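What follows is a set of notes on a single structure, which appears directly below.
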Number of protein chains: 2
Amino acid sequence: MVLPENSKKSTMKEVAKCARVSISTVSHVINKTRHVDKETHDRVLEAIEKLNYAPNIFARGLRGKKIRVIGVIISDIRESFFAEVVKAIELTAHSEGYSVILCDSEDDPLKEQLHINTLIQNGVEGLIFAPVNNSTRVYDSIIPHKINAIQIDRKVYGLSVDFVGINNMEITKKAMNHLFNHGFMNVGFVSYQTNVYTMEQRLLGYKMAAQLHNSSKKINVKFIQYSGSDNKEIIKSWLYQNKEIDSILCGNDNICHQVLRAIRELQYEIPKDMGVLSFDDSKWFKLVTPSITAIRQPTNQIGKLATELLIAEIQNKIKNYSQKENHILSAELIIRKSCRESSE
Amino acid sequence: MVLPENSKKSTMKEVAKCARVSISTVSHVINKTRHVDKETHDRVLEAIEKLNYAPNIFARGLRGKKIRVIGVIISDIRESFFAEVVKAIELTAHSEGYSVILCDSEDDPLKEQLHINTLIQNGVEGLIFAPVNNSTRVYDSIIPHKINAIQIDRKVYGLSVDFVGINNMEITKKAMNHLFNHGFMNVGFVSYQTNVYTMEQRLLGYKMAAQLHNSSKKINVKFIQYSGSDNKEIIKSWLYQNKEIDSILCGNDNICHQVLRAIRELQYEIPKDMGVLSFDDSKWFKLVTPSITAIRQPTNQIGKLATELLIAEIQNKIKNYSQKENHILSAELIIRKSCRESSE
DNA sequence: CTATAAAATTATTGCGCAAACGTTTTTATC
DNA sequence: GATAAAAACGTTTGCGCAATAATTTTATAG
């Protein structure tokens, strides 16, 4: 294999020597921090090219220069919602010259804390995270390091950090209305148990809708364990024990997958015996039979906006940091065939 | 919000002062590079605790210390295969104290090169990547920086870098045999066009099997564009123009999704009119009707092994670097209902 | 041809740390 | 009690760079 002319990494000093200038001139050429005579300037660039020079990131970091790395903490990259959001974050970040360190919290507060610490130690300039729970304690460690942050998907009360996500209560009510309008009078709700604003809002939306449309009915909520384990059997016995449930609202596409398998094994027919509506639109929803009505979140927008906001904050382009902003994007109800024909 | 006692980041110097020792003692306590008297040792730890001290990664990096970050370059994090592999990489890396910087190449050689450069500049100690194509040129830039690397999924000829993946030719032949044994005599192959060993091996397996079982039949291969675009219409017209095709081998689950939609719109019935078998087992394959027979790759193993090998190399625990090793794991054929009952 | 401002470049410092090297203190030996 | 050996710690340097302060060179005016 043929190696480039100069195979070991060179330093500014070597570049300076090669261009017959001082290292400070080299620095100013690289950083455009001062005018340098065209001739000298070109000589420096030539030397940089010739020696295959690239700045040492550690020396830069040590001098307090920005290193353009952001950290992202989400629950699980295998969940399509997060995969899509992370994809958008990556694209946006790279287009602005930032790299992305990815961490899965697996909805474990300890892992979350660990990752926050590691990321900060690794010198990230900013953080995008989907909080595991409602405790602000974990995030206290961010503040002293004056690292900018953005919360996505989930929101923590009283945390002075911008939020990007959807209006969960509103869209939940809309989904519930859709179910009620199609003759389902007893909707059950299956979701991961996470003690965050997002989940509370969904629950609130669920309860309000349930009470409005059918005040005599029970609230039927099943909280299941996070991704790792298979909850099919748990869902089956829940359905078995709550025979009045005629339809299910699923917390995300992964939960929906488990719900569908449970329903199938119980030999219920969708939508005749059981309606299904799911958060997070999977591309497979239109291919299963019947196709699944879903709440589509604007994953690209969420990732893009969160990243843009973060980078803007990092670059101090904006605003009064004492007050956080909520950026509420709109989710969309994709109507398919898992909820019967309309009774209207 | 209550801040921790000491909110600004402290230095070794401050810790030294607080513990009434020299900074070298602090350094040695932190790095365990020299014996320190128990009493002194404890005093230092206390000071570290009290001042909430954490080493500055840039200073360490500048001194040539390892910073425990690896880079990962894959095609697209939204593909389930890569999401699962990355998940395993992350878990393994974190458990060894490494962080992971994630990059999507989108199978674009320019992006790949860019990411490699950025990662190296960011001081990663190692690289795990799924090469975009067969050119070694891109990877030449890795060598001079003496950064360890592992290839996953795809393999580049003549690149002196370990490989972790499956035996594509073998499993393709096995899948083809399965199709032939179930009465499909003219298998078409739909895949992304990427000029890599993996793809060549699959093609080779496909061709060998086709010739063996049915020498009079054409080779029917359709290469489609990468993820971004929807190829449903292209697949439809390909099927329309090649009516002899009675079954399709799909390059991955995403391609299978597009194939299934094409088949549905052509109103072919699976498996009666058209057999389907796909690389990469999606959890949705068992929920669509009929369920899809698939080649399941050991994604966890791939990610885990690649990471372990990389970290072992980084830590110089092993081996003669002049010769690369291939780590071939075995894929599994998951038989479902998209290929008729056996004719045997 | 000075005097002086302006432009162009250089010398230098210090970021925080690891480790080579140096010093002091303690313990062991005869 | 003198000397050696070992243990315990301290002093210092330099990693590569950015940016400040200092210096040299060039341009302009009188």
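Letters A, B, ... are given to chains in the order of the sequence lines, protein chains preceding strands, and every chain is numbered from 1. Please read all numbers here as calculations on a predicted model, not as lab measurements.
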Can you measure [X] atom [atom1] to [N] atom [atom2] for me and round it to whole angstrom units?
X: A:R63; N: D:dC15; atom1: CZ; atom2: C1'; answer: 13 Å
X: B:H28; N: C:dA18; atom1: NE2; atom2: P; answer: 9 Å
X: A:K38; N: C:dT9; atom1: NZ; atom2: P; answer: 13 Å
X: A:K17; N: C:dA11; atom1: NZ; atom2: P; answer: 15 Å
X: B:H35; N: C:dT25; atom1: NE2; atom2: P; answer: 18 Å
X: A:F58; N: C:dA18; atom1: CZ; atom2: C1'; answer: 14 Å
X: B:D37; N: D:dG10; atom1: CG; atom2: C1'; answer: 15 Å
X: B:L62; N: C:dG16; atom1: CG; atom2: P; answer: 12 Å

Quiz item: Under 4.0 Å between a side-chain N or O of A:T33 and OP1 or OP2 of D:dA18?
Solution: no

Quiz item: Side-chain N or O of B:T11 less than 4.0 angstrom from OP1 or OP2 on C:dC15?
Solution: no

Self-check item: With B:V36, the side chain to side chain contact (heavy atoms under 4.5 Å, CB included) member among B:V26, B:T25, B:V21
Solution: B:T25

Quiz item: In this structure, which one of B:L310, B:I311, B:L305 forms a side chain to side chain contact (heavy atoms under 4.5 Å, CB included) with B:T307?
Solution: B:I311

Selected nucleotide, minimal atom distance to [X] side chain, candidates [options]:
X: B:T25; options: D:dG10, C:dT10, C:dA8; answer: D:dG10
X: B:M12; options: D:dA19, C:dC17, D:dC17; answer: C:dC17
X: A:S24; options: D:dC17, C:dT10, C:dG16; answer: C:dT10
X: A:S27; options: D:dA18, C:dT9, C:dT10; answer: D:dA18
X: B:N31; options: C:dA18, D:dA19, D:dC9; answer: C:dA18
X: B:R34; options: C:dT10, D:dG16, D:dG10; answer: D:dG10
X: A:N56; options: D:dG10, D:dC17, C:dG16; answer: D:dC17
X: A:S22; options: D:dG10, C:dT10, C:dC17; answer: C:dT10
X: A:P55; options: D:dC9, D:dC17, C:dG16; answer: D:dC17

SB check [X] [Y] (cutoff 4.0 Å):
X: A:K304; Y: A:E308; value: yes
X: B:R154; Y: B:D107; value: yes
X: A:K87; Y: B:E106; value: yes

Quiz item: Which part of the nucleic acid, if any, lies within contact of A:V26, taking any heavy atom under 4.0 Å across all strands shown: a base, the sugar-phosphate backbone alone, or nothing?
Solution: nothing

Practice problem: Classify the nucleic acid contact of B:I23 as base, sugar-phosphate or nothing, counting any heavy atom under 4.0 Å across all strands shown. | Solution: base

Self-check item: Donor-acceptor side-chain pairing of A:Q151 and A:Y197 below 3.5 angstrom
Solution: no

